[in-house]
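Following: one structure in structure tokens, then a few remarks.
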Amino acid sequence: MASALKVKDTTVSERTVVVSGLPVGLLKDQLVKRYFQDEGGHVEEVIYPSRSKGVAYIIFKEKKVAQDVVRQKNHPLGSEPRLTVSHFSEKVFNYVMAILDLSVFRSQIELESLVVDLKKKIPTLNFSPLGPSGKISVQGSFLAIMKLKQALLSKAIAPLENNRKDAGERRNWNGENSRRIRQKSKNSASLLGTFVPEPAGSPETLVLDTDIFLYLKHKCESYHPTLSKYHVLCQERVDGDVTTICLQDARDGSCSGSVRHVKEFIEECAQEFHLELRKELLVLEGRGDGEKRNIRQALEELCCRYPRVLVNVHSTHIDLIGPSSDTYPFKTQLMKSAG
């Protein structure tokens with residue numbers, strides 16, 4: 001943990017790659033021998049385990065070796081498990097923290113058993129000790145957090161499904177009671193609206209990392225054509241690092257599978273981008289007017305040279321989002337231009 005702080009030094013970060021998706025329990029020497037056998041003599045240090053489960057930092061003796069490792073398309077990493085290698089960046093899409101309030105499940109299940117079950121279902125997540133109030137913090141990848149969300153939603157909807165089953169069994173015994181039970185189920189369904197199965201052709205909702213959604217929207221050539229082809233409207237709501245999108249058929253719903261098809265397309269793209277994209281940040285605060293002017297001029301040239309990089313300019317910083325093979329040299333050249 002302490003040695004990981006070294007990576008923040010500029011000279012070291014240029015020689016560092018981030019390896020994610022490693023199997024649990026792998027030792028440092030096994031990591032080098034199994035996955036970096038061709039570059040083993042060039043490895044200076046391995047930081048593993050790290051704060052992120054399944055993520056290691058490999059520091060090479062030379063900057064060029066680190067660049068070659070990232071650029072290699074057919075790297076001897078093996079196909080099982082599927083690993084991701086990228087340049088070091090504090091903005092790698094591999095770590096998210098969330099605080100959950102599990103107290104709502106007290107009446108259904110013992111909370112300790114619930115946590116044990118969640119750990120088994122999603123072993124890549126890190127769980128803190130369960131608090132007396134039922135709150136617990138969870139850390140892991142964005143995709144793993146989304147899997148956790150779906151698992152909890154399944155737990156939440158189970159009692160509703162049981163109520164519906166009981167209502168059907170009692171319907172033959174008491175018509176008046178049956179009507180009351182159906183009304184109660186209907187009210188419960190309205191409260192859990194997005195989680196109850198809906199008719200074909202109804203709107204679909206997706207929750208995505210904001211940076212990944214912006215890249216999908218502005219850099220994925222097939223995104224807008226796909227929406228147009230299936231006549232699907234996309235409404236988006238950005239809330240910081242998370243974007244919620246609602247997909248709806250622009251027609252009368254005659255093609256019921258169009259919305260579902262577009263949803264699956266977006267989910268596949270988001271998962272692919274999650275593995276491929278990296279984010280670099282260039283701080284503007286504290287820079288002089290001359291430096292900022294040089295940066296703006298350099299941006300125009302570099303955007304043409306690196307079309308796969310999405311550039312978001314803010315008042316205090318610039319976000320560079322794209323494949324690590326592009327974002328890293330983009331930022332390096334941008335810093336040189338700034339003087």
Side-chain angles (χ1 to χ4, degrees), residues 4-18 20 51-52 55 57 63 66-67 70-71 84-97 141-143 207-221 223-224 234 236-245 269-270 272-339:
L5 299 176
K6 302 175 20 176
V7 181
K8 296 184 178 181
D9 179 75
T10 304
T11 60
V12 177
S13 64
E14 293 178 347
R15 299 184 281 111
T16 303
V17 300
V18 183
S20 56
R51 285 190 301 175
S52 302
V55 175
Y57 298 90
K63 173 182 174 181
Q67 293 175 336
V70 174
R71 288 171 183 163
T84 302
V85 182
S86 63
H87 281 293
F88 170 78
S89 170
E90 293 188 45
K91 295 297 181 179
V92 173
F93 297 123
N94 65 3
Y95 212 60
V96 178
M97 184 181 77
S141 71
F142 184 81
L143 290 181
V207 180
L208 302 173
D209 179 281
T210 295
D211 290 322
I212 288 181
F213 172 71
L214 291 176
Y215 194 89
L216 171 70
K217 181 179 179 180
H218 298 290
K219 290 297 180 179
C220 180
E221 296 180 355
Y223 174 69
H224 291 288
C234 178
E236 59 201 62
R237 185 178 72 250
V238 179
D239 184 14
D241 294 334
V242 175
T243 293
T244 304
I245 62 175
C269 289
E272 181 179 344
F273 289 154
H274 176 85
L275 296 171
E276 179 186 8
L277 299 182
R278 297 294 177 263
K279 181 176 179 179
E280 297 282 352
L281 180 144
L282 180 63
V283 178
L284 297 177
E285 287 183 315
R287 298 184 181 273
D289 293 337
E291 284 182 299
K292 293 180 180 179
R293 185 166 51 251
N294 292 339
I295 290 175
R296 285 194 295 268
Q297 293 175 353
L299 278 176
E300 297 180 4
E301 177 186 350
L302 292 172
C303 285
C304 296
R305 292 173 55 186
Y306 296 93
R308 295 195 299 169
V309 175
L310 174 65
V311 178
N312 290 330
V313 180
H314 304 273
S315 59
T316 58
H317 64 280
I318 299 175
D319 289 330
L320 307 174
I321 305 169
S324 58
S325 58
D326 290 353
T327 54
Y328 185 77
F330 192 113
K331 179 182 177 181
T332 301
Q333 295 180 44
L334 198 59
M335 292 175 67
K336 291 180 179 178
S337 301

Would you mind reporting whether [Y] and [X] have side-chain heavy atoms less than 4.5 Å apart?
| X | Y | answer |
| --- | --- | --- |
| I318 | L299 | yes |
| V311 | L320 | yes |
| S325 | R308 | yes |

*Are any side-chain N or O atoms of K331 and backbone N or O atoms of D319, one a donor and one an acceptor, separated by less than 3.5 Å?*
no
*Could you tell me whether a side-chain N or O of R287 sits under 3.5 Å from a main-chain N or O of V283, the two making a donor and an acceptor?*
yes
*List in chain and number order the residues that pass ring pair (Phe, Tyr, Trp, His ring centres under 6.0 Å) with Y215, two or more places apart in sequence or in another chain; answer none if no residue qualifies.*
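Result, ring pair (Phe, Tyr, Trp, His ring centres under 6.0 Å) vs Y215: F273.
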_Which residues share a ring pair (Phe, Tyr, Trp, His ring centres under 6.0 Å) with Y306, sequence neighbours left out_ = F330
Nearest 0.5 Å, what's the [atom1]-[atom2] distance between [X] and [Y]?
| X | Y | atom1 | atom2 | result |
| --- | --- | --- | --- | --- |
| M335 | E291 | CE | CD | 10.5 Å |
| L214 | L310 | CG | CG | 6.5 Å |
| Y223 | H218 | OH | NE2 | 9.5 Å |
| C269 | K217 | SG | NZ | 15.5 Å |
| Y328 | Q67 | OH | CD | 6.5 Å |
| S324 | E280 | OG | CD | 9.0 Å |

Looking only at heavy atoms, what is the nearest atom pair of [X] and [Y], with distance?
| X | Y | result |
| --- | --- | --- |
| A66 | T16 | CB-N, 4.3 Å |
| L277 | P323 | CD2-N, 4.0 Å |
| C304 | P307 | O-CD, 3.8 Å |

_As a quick check of understanding, evaluate side chain to side chain contact (heavy atoms under 4.5 Å, CB included) for E301 and Q333, giving each step before the final call._
CA-CA 11 Å; E301 177 186 350; Q333 295 180 44; over 6 Å; no
*Who pairs with R237 by side-chain contact (heavy atoms from CB on, under 4.5 Å), at least two apart in sequence or on another chain?*
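Expected list: T244.
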*Check each of D326, N312, V309, T327 against I321 using the side chain to side chain contact (heavy atoms under 4.5 Å, CB included) test, and report the only one that passes.*
N312
